[in-house]
Amino acid sequence: DIVMTQSPLSLPVTPGEPASISCRSSQSLLDSDGYNFLDWFLQRPGQSPQLLIYLGSHRASGVPDRFRGSGSGTDFTLEISRVEAEDVGVYYCMQNLQTPLTFGGGTKVEIK
Amino acid sequence: EVQLVESGGDWVQPGGSLRLSCAASGFTVSNYYMSWVRQFPGKGLDWVSVIYTRGSTLYAASVKGRFTISRDSSKNTLYLHMNSLRTEDTAVYFCARGGNGTTLDSWGRGTLVTVSS
């Protein structure tokens, strides 16, 4: 199984400031067509996960452009350019290159 | 608008059975990969199973042989049949549209399964 490792575990942020979350996979998520099968989700308190970024860097419909996904192969980053209060919650990365789909342990973003 | 609504979660004793349902609207279930994902209390996410458009299925090792994923096209509904339930199956179960090679782009709100004596 592909192991997904996220850091940090917890991220206190100041509104208006940038934030960055790292995700590393135990094997490359880059396929032969050049796609990285890495997605990012946000789970707000009491809600189900919501897709933010797919294929490593593509924003899902309705996701603000302050969210940016980058990286390739085994190392990926989710950046929020200017954190807003509605961005609090737990962020997960997930690989969907192969089954079993596997998730990172999550990064809890909270306002300072 | 795409919507997924799970139901069927309940308290059950170890060794018991349960069937979860996921009613879909806004799209046709049989035209997409569909997955079940669970979330253990206070913890992260754990993929459970996928059913492909052609009807083939795959399972996580922890549930293989005990859980069965299926769909009813006439009802546009996804199911998860769970047998021989264990305390470690206690979780919120989400259905999601997508699977390997396609992202999980829509999720239901989840249904709670509690396995306890």
Side-chain angles (χ1 to χ4, degrees), chain A residues 1-7 9-10 21 23 25 27 29-63 69 76 89-108, chain B residues 1-7 9 20 22-24 26-27 32-52 56-65 67 69 78 91-112:
Chain A
D1 297 359
I2 298 176
V3 177
M4 306 298 293
T5 304
Q6 278 182 242
S7 61
L9 206 62
S10 176
I21 301 170
C23 176
S25 58
Q27 63 189 74
L29 304 182
L30 181 66
D31 82 338
S32 56
D33 292 325
Y35 294 106
N36 284 286
F37 285 84
L38 185 284
D39 305 322
W40 289 96
F41 299 88
L42 165 60
Q43 186 173 29
R44 294 188 174 97
Q47 296 186 18
S48 56
Q50 165 196 353
L51 177 66
L52 294 176
I53 302 288
Y54 63 97
L55 293 177
S57 61
H58 299 266
R59 272 190 304 276
S61 176
V63 174
F76 300 88
V90 182
Y91 289 77
Y92 295 96
C93 60
M94 181 199 81
Q95 67 80 19
N96 67 10
L97 179 67
Q98 64 186 50
T99 55
L101 307 186
T102 46
F103 295 83
T107 295
K108 187 174 184 178
Chain B
E1 179 193 4
V2 171
Q3 194 169 12
L4 297 165
V5 179
E6 302 94 337
S7 61
L20 306 184
C22 171
F27 73 103
Y32 288 83
Y33 294 5
M34 295 294 297
S35 291
W36 286 96
V37 176
R38 62 186 176 181
Q39 186 164 36
F40 303 115
K43 295 189 177 178
L45 299 164
D46 183 54
W47 175 81
V48 173
S49 180
V50 63
I51 184 166
Y52 297 107
S56 58
T57 58
L58 283 176
Y59 300 91
S62 59
V63 307
K64 193 173 184 180
F67 290 11
I69 189 172
L78 179 73
V92 174
Y93 285 74
F94 298 99
C95 65
R97 187 173 76 171
N100 55 301
T102 72
T103 191
L104 304 182
D105 65 358
S106 295
W107 296 60
R109 300 186 71 170
T111 187
L112 176 63

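Chain letters run A, B, ... following the sequence lines, proteins first and then strands; every chain starts at 1.
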Could you look at [X] and say if it's the side chain, the backbone, both or neither that has a heavy atom under 4.5 Å from chain A?
{"X": "B/Leu58", "answer": "side chain"}
{"X": "B/Val92", "answer": "neither"}
{"X": "B/Thr102", "answer": "backbone"}

Give me the ring orientation class for A/His58 and A/Tyr54: parallel if the planes are under 30° apart, tilted from 30 to 60°, perpendicular past 60°. parallel
Give the ring-plane orientation class for B/Tyr93 versus B/Phe67, where under 30° counts as parallel, over 60° as perpendicular and anything between as tilted. tilted
Could you tell me which portion of A/Gln43 (side chain, backbone, both or neither) has an atom closer than 4.5 angstrom to a non-hydrogen atom of chain B? side chain
What part of A/Phe41 lies closer than 4.5 angstrom to a heavy atom of chain B: side chain, backbone, both or neither? side chain
Using side-chain heavy atoms (C-beta onward) and a distance below 4.5 Å, is B/Thr103 in contact with A/Leu55? no
Can you find a heavy atom in the side chain of B/Phe94 that is under 4.5 Å from one in the side chain of B/Thr111? no
Would you name the heavy atoms of B/Leu4 and B/Cys95 that are closest together and state the gap between them? CB-SG, 3.7 Å
Is it the case that the side chains of B/Tyr33 and A/Asn96 hold a donor-acceptor pair, with the cut-off being a distance below 3.5 Å and no angle test? no
Which one of A/Ala60, A/Pro100, A/Gly104 has the most heavy-atom pairs closer than 4.5 Å to chain B? A/Pro100
Quick one: which of A/Gly105, A/Gly46, A/Ser61, A/Ser48 has the most heavy-atom pairs under 4.5 Å with chain B, could you say? A/Ser48
Partner chain A: residue of B/Val50, B/Leu104, B/Asp105 with the largest heavy-atom pair count (under 4.5 Å): B/Leu104
